[in-house]
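Report on one structure; see the data block that follows.
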2 protein chains.
Amino acid sequence: MLRAAVGVADERGIESLTMRRLADVLDAEAMSLYHHVANKEEVLDGVVDVIAAEINEAVGRLTLPTKGARWKPAARLRVLTAREVLLRHPWAPRVFVSRTSTSAGILEYYDGLLAIMQAGGFSHDLCHRALHTLGSRALGFNQELFDPGDAPTGPEAAAAMAGMAERFPHLVGMLAEVAHDDPDSTLGWCDAQTEFEFGLDLILEGLDRMRDTV
Amino acid sequence: MLRAAVGVADERGIESLTMRRLADVLDAEAMSLYHHVANKEEVLDGVVDVIAAEINEAVGRLTLPTKGARWKPAARLRVLTAREVLLRHPWAPRVFVSRTSTSAGILEYYDGLLAIMQAGGFSHDLCHRALHTLGSRALGFNQELFDPGDAPTGPEAAAAMAGMAERFPHLVGMLAEVAHDDPDSTLGWCDAQTEFEFGLDLILEGLDRMRDTV
DNA sequence: ACCTGAACACCGTTCAAGT
DNA sequence: ACCTGAACACCGTTCAAGT
């Protein structure tokens, strides 16, 4: 049933995951679901567990060494592997942030990340700060509020840019040059992947520096 | 009307902000709102604009110098000032991340942040990467997936910890020591404030280092 | 032009009734 | 024990009708 819920979200989007539709897919008529879950929240909790299990299965196959300075490439690969799973379920981050309680599967994922950091020599306190600093990046996604690289294109783009240039001069200046330097910057998630890795590496390097000095 | 919407969200939570309740508060009977907005999405867009205006008003009063190395404390204060506004509207981050288009007020906020970075000598490309790296932190909040410092308390805490210790040894070890080192770590947003500033400073320092070398 | 009430299509959920 | 259909309370939204 939870697998069916993930299937519905994958195929028609998370907003289409309603109790009625889920029952339809299961060939059960409508409201029988409530004999297996207390309410929809429990369905979403279960969905998170399914995705977490998929992530844990993927990162469980990793075999990089983790001692000392090797912690960094090991943590990096773990995060990017989790990200690969999430890229197959683009709706999952939204469900993750909507949960109030934490799934055991997510705790298991974090526990493995902590194992890497502790093998690298992190104190418990630095581990704690590291998890907060990484935030959702630890699981492979970064909540973007708007895409600064998403410059307007099309016929009226030039006019819109001119109007915006007065109100947001620095922003428009940046967009013009970034778009010029990298014409592929708006082509799908390739760019987002580069940006994600940039931010991840910046944080991991900052943490590594503290490992040496704190 | 948008101010009334913010008031409803402040007093009863964002989930209580329905078209019917909003009309009630405005002493208009129900469905007259649709003569002023196309749909609820437009109401939420407007709510974002109201909060963005409040943020811009607050950061507009700041007067720190921004040239060269001074960019860092200036950017830091700008972000923490935005955070102060959001702490008065704890539901706002959830509305922010739910918007697909970006409000002009948010663009204005980003434009001012870019002005600081450019005064500090950032290239357009590094500005772009910096915004992506900061993500929601640029606006003063960090999407937490679960609070690793939120150790269980109460009578059955010890038993729960013992059960969890087998499955999540590193996590439980960390929680035990962090809770021991800092018994106040679960008392409200003080802790979250410390953690937010830690992550913010780590990122700002990493960006500052790149300013010198890239 | 602006407001209104009834109605529609949808949602999560309850409940008494079936097997 | 498990499933079902009708119903309830709520939501966003439409529409014809009022002033």
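Predicted, not measured: the structure shown is a model, and the values here were computed from it. Order of the sequence lines fixes the chain letters, A, B, ..., with proteins taken first and strands second; residue numbering starts at 1 for each chain.
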Original post:
When you match A:E15 and B:R20 each to their closest nucleotide on DNA chain C, which lands nearer the 5' end?
Top reply: B:R20
Original post:
B:M19 has an atom CE; how far is it from atom P of C:dC11, in whole Å?
Top reply: 19 Å
**OP:** Could you tell me the separation between the NZ atom of A:K40 and the C1' atom of C:dT13, rounded to a whole number of Å?
**Re:** 12 Å
**OP:** Kindly say if B:S32 contacts the phosphate of C:dT4, meaning a side-chain N or O under 4.0 Å from OP1 or OP2.
**Re:** yes
**OP:** Tell me which nucleotide among C:dC11, D:dG12, C:dT14 gets nearest to the side chain of A:M31.
**Re:** C:dT14
**OP:** Under a 3.5 Å limit for both distances, which nucleotide forms a Watson-Crick or G-U wobble pair with C:dC8, could you say?
**Re:** D:dG12
Subject >> Expected output: side-chain B:D111 to main-chain B:L107 donor-acceptor under 3.5 Å >> reply: no
Subject >> Nucleotide D:dT4, atom C1' - distance to OH of A:Y34 in whole Å >> reply: 14 Å
Subject >> A:D24 CG to C:dC11 C1', straight-line distance once rounded to whole Å >> reply: 14 Å
**OP:** Give a yes or no on whether a salt bridge exists between A:D125 and A:R129, defined as a side-chain N under 4.0 angstrom from a carboxylate O.
**Re:** yes
Subject >> For atom CG of B:L22 and atom P of D:dG12, their distance in whole Å >> reply: 10 Å
**OP:** Could you check A:R21 against A:A38 and say which one's nearest nucleotide on DNA chain C is further toward the 5' end?
**Re:** A:R21
Original post:
In the structure shown, which nucleotide is the Watson-Crick or G-U wobble counterpart of C:dA17, with both distances under 3.5 Å?
Top reply: none
Original post:
Starting at the 5' end of DNA chain D and moving along, which residue's nearest nucleotide shows up first, B:N39 or B:H35?
Top reply: B:N39
Original post:
Taking CG from A:L33 and C1' from C:dC11, how many angstroms apart are they, rounded to a whole number?
Top reply: 14 Å
Original post:
Would a distance-only check, ignoring hydrogens and angles, find a side-chain to backbone donor-acceptor pair under 3.5 Å from A:D49 to A:A52?
Top reply: no
Original post:
Using a cut-off of less than 4.0 Å, is there contact between a side-chain N or O of B:H36 and OP1 or OP2 of C:dC3?
Top reply: yes
Original post:
Rounded to the Å, how far apart are A:E42 CD and C:dG12 P?
Top reply: 15 Å
Original post:
On the ring face of A:Y109, is A:R78 found with NZ or CZ under 6.0 Å from the centre and within 45° of the axis?
Top reply: yes
Subject >> Shortest side-chain distance from A:T18, nucleotide among C:dC11, D:dG12, C:dT14 >> reply: C:dC11
Original post:
Between B:H124 and B:H128, is the ring centre distance below 6.0 Å?
Top reply: no
